[in-house]
Undergrad: 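To start, I am sharing the structure in question, which I have written as structure tokens.
Only heavy atoms go into these numbers, but all of them, side chains included; no hydrogens, no water, no symmetry mates. By convention in this document, chain letters (A, B, ...) are assigned in the order of the sequence lines, proteins followed by strands, and residues within each chain are numbered from 1. If you're wondering where the values come from, they're calculated on a predicted model, not measured in any experiment.
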2 protein chains.
Amino acid sequence: MELSIIDSLKAGGKKLTKARKAILAVLEKNALPITVAEVHAGLVKARTNVDLVTVYRNLAMLQELGLVNAVGFHEGQMRYEVVHGRAHHHHIQCRGCGKIIDLMLCPLKKLTKLIEEQTRFSVDGHALEFFGWCPQCR
Amino acid sequence: MELSIIDSLKAGGKKLTKARKAILAVLEKNALPITVAEVHAGLVKARTNVDLVTVYRNLAMLQELGLVNAVGFHEGQMRYEVVHGRAHHHHIQCRGCGKIIDLMLCPLKKLTKLIEEQTRFSVDGHALEFFGWCPQCR
DNA sequence: TGGTAAATGCAAGTGAGTTGCAAATGTGGT
DNA sequence: ACCACATTTGCAACTCACTTGCATTTACCA
């Protein structure tokens with residue numbers, strides 16, 4: 001079974017602070033990965049004053065605990081999404097407008113085993129993003 | 001057939017400058033994707049004085065022409081490798097020492113078609129990197 | 001060889017992300 | 001409920017990859 005968010009924090013010796021609750025709430029409200037600035041803007045809109053640096057520190061920490069997922073489209077900044085029981089998945093981003101869509105698939109399980117055999121690395125993660133043009137920008 | 005590097009530059013209205021030749025030479029010497037700073041260091045070592053900003057501008061241009069390939073491991077900087085007739089491939093990086101290895105495979109051709117059908121995007125690229133621990137760091 | 005667009009170097013700027021430190025705040029034990 | 005204490009937060013300053021503006025230089029073509 002999966003640990004609850006609170007249990008995961010406790011298991012990592014972390015406190016359940018106001019900032020942390022608010023950050024997770026903003027992420028939960030967004031289905032797609034958002035930037036640190038967008039998380040911060042969400043906090044401001046929810047009248048929760050949390051410094052930007054606190055957002056950075058918490059996202060890094062939540063990522064280490066496996067509670068959030070970092071996604072990068074080589075935009076010069078990272079994006080984050082909650083894990084929270086969602087299935088492992090990937091994304092596609094439009095090169096025109098930047099729109100992101102979830103792709104509920106991953107073809108890499110078998111391949112990972114093959115890579116482990118061939119390289120002698122122990123593989124513990126991968127980044128897979130697609131790029132293209134959405135119907136509106138095409 | 002594939003255009004030569006010189007032909008590709010000409011086709012794009014680009015000049016074959018000393019800086020450009022030297023940058024491509026440094027990339028050709030390196031089998032794996034290297035950072036902009038590493039390209040620049042390679043130029044200095046080869047006694048070719050090219051400003052760092054020129055390296056940035058040329059790598060961006062060479063990427064647009066499809067002559068070099070940008071690879072990102074979410075390290076806060078990009079890496080570049082020459083395309084030059086090499087087969088499409090991906091990489092794995094060690095989380096311990098940062099070592100990178102070529103993976104001469106790509107499982108995404110069929111999947112790309114499927115994504116195009118499902119999302120109505122026209123897919124024109126993808127980023128796929130693996131992460132893990134190499135035998136020395138494990 | 002000379003005219004011209006493209007390319008370069010330098011300096012200054014942008015913006016994401018980090019670090020140090022003093023003040024504030026959860027938490028677990030009593 | 002309170003206290004002790006480690007964790008967390010905010011602020012300010014900083015780092016570093018990358019970009020931009022502009023005057024000078026260079027490759028190319030007639």
Undergrad: Could you grab the distance from atom CD of Q77(A) to atom CZ of R79(A), nearest 0.5 Å is fine?
TA: 6.0 Å

Undergrad: Once you round it to whole Å, what is the distance between P of dA6(C) and CE of M61(B)?
TA: 13 Å

Undergrad: For T54(A) and D51(A), does a side-chain donor sit closer than 3.5 Å to a side-chain acceptor?
TA: no

Undergrad: Test of understanding: clusters of I, L, V, M, F, W, Y form through side-chain heavy atoms closer than 4.5 Å, transitively. Do L114(B) and V123(B) belong to the same one?
TA: yes

Undergrad: What pairs with E117(B) under side chain to side chain donor-acceptor pair (under 3.5 Å), at least two apart in sequence or on another chain?
TA: none

Undergrad: How about I6(A): does its CD1 atom have over 12 heavy atoms from other parts shown lying under 6.0 Å from it?
TA: no

Undergrad: Mind checking what makes side-chain contact (heavy atoms from CB on, under 4.5 Å) contact with R57(A), not counting sequence neighbours?
TA: V53(A)

Undergrad: Which residues within residues 11-22 of chain A lie with some heavy atom under 4.0 Å of an atom in DNA chain D?
TA: K14(A), K15(A), T17(A), A19(A), R20(A)

Undergrad: Take the C1' atoms of the five end pairs on each side of the helix from dT1(C)-dA30(D) to dT30(C)-dA1(D), derive the two axes, and give their angle rounded to 10 degrees.
TA: 50°

Undergrad: Under 3.5 Å, which N/O atoms of the protein pair with N/O atoms of nucleotides 19-24 of chain C?
TA:
unit_1  : atom_1 : unit_2 : atom_2 : d
dG20(C) : O6     : R57(A) : NH1    : 3.3

Undergrad: To the nearest angstrom, how far is H74(B) atom NE2 from dG17(C) atom C1'?
TA: 15 Å

Undergrad: How many angstroms lie between CD in Q93(A) and CZ in F121(B), if you round to the nearest 0.5 Å?
TA: 8.5 Å

Undergrad: Between L52(B) and K10(B), name the one whose nearest nucleotide on DNA chain D is closer to the 5' end.
TA: L52(B)

Undergrad: Compare every heavy atom of I92(A) with every heavy atom of F131(A), then report the nearest pair and how far apart it is.
TA: N-CG1, 4.1 Å

Undergrad: Using a 4.0 Å cut-off to any heavy atom of chain B, which nucleotides of DNA chain D are the first and last in contact, reading 5' to 3'?
TA: dA17(D) to dC28(D)

Undergrad: Same hydrophobic cluster for V71(B) and I115(A), using side-chain heavy-atom links shorter than 4.5 Å among ILVMFWY?
TA: no

Undergrad: For residues 89-115 of chain A, which residue pairs pass the ring pair (Phe, Tyr, Trp, His ring centres under 6.0 Å) check, not counting sequence neighbours?
TA: H88(A)-H90(A), H89(A)-H91(A), H90(A)-H126(A)

Undergrad: Rounded to the Å, how far apart are L65(B) CG and dA6(C) C1'?
TA: 14 Å

Undergrad: In whole angstrom, give the distance that lies between atom NE2 of H40(B) and atom C1' of dG9(C).
TA: 11 Å

Undergrad: How would you list all residue pairs meeting side chain to side chain donor-acceptor pair (under 3.5 Å) that involve residues 14-28 of chain A, not counting sequence neighbours?
TA: R20(A)-N58(A)

Undergrad: Roughly how far, to the nearest 0.5 Å, is CG of L24(B) from CD1 of I5(B)?
TA: 5.0 Å

Undergrad: Which residues pass the side chain to side chain donor-acceptor pair (under 3.5 Å) test with R138(A), sequence neighbours left out?
TA: none

Undergrad: Output the rounded distance in Å from CD1 (I23(B)) to P (dA7(C)).
TA: 12 Å

Undergrad: Under 4.0 Å from any atom of DNA chain C, heavy atoms only: list the residues of residues 43-51 of chain B that qualify, in numerical order.
TA: N49(B), V50(B), D51(B)

Undergrad: How close or far is atom P of dA7(C) from atom CD of E64(B), stated in whole angstroms?
TA: 12 Å

Undergrad: When rounded to the nearest 0.5 angstrom, what is the spacing between CG in L67(A) and CE in M61(A)?
TA: 7.0 Å

Undergrad: With sequence neighbours left out, what residues match E64(B) under side-chain contact (heavy atoms from CB on, under 4.5 Å)?
TA: none

Undergrad: Return the set of residues passing side chain to side chain donor-acceptor pair (under 3.5 Å) with D124(B) (not counting sequence neighbours), or none when no residue passes.
TA: R95(A), W133(A)

Undergrad: Measure from CD1 on I6(A) to P on dG26(C) and round the result to the nearest Å.
TA: 14 Å

Undergrad: Can you check the E38(A) CD to dG17(C) P distance for me, whole Å?
TA: 12 Å

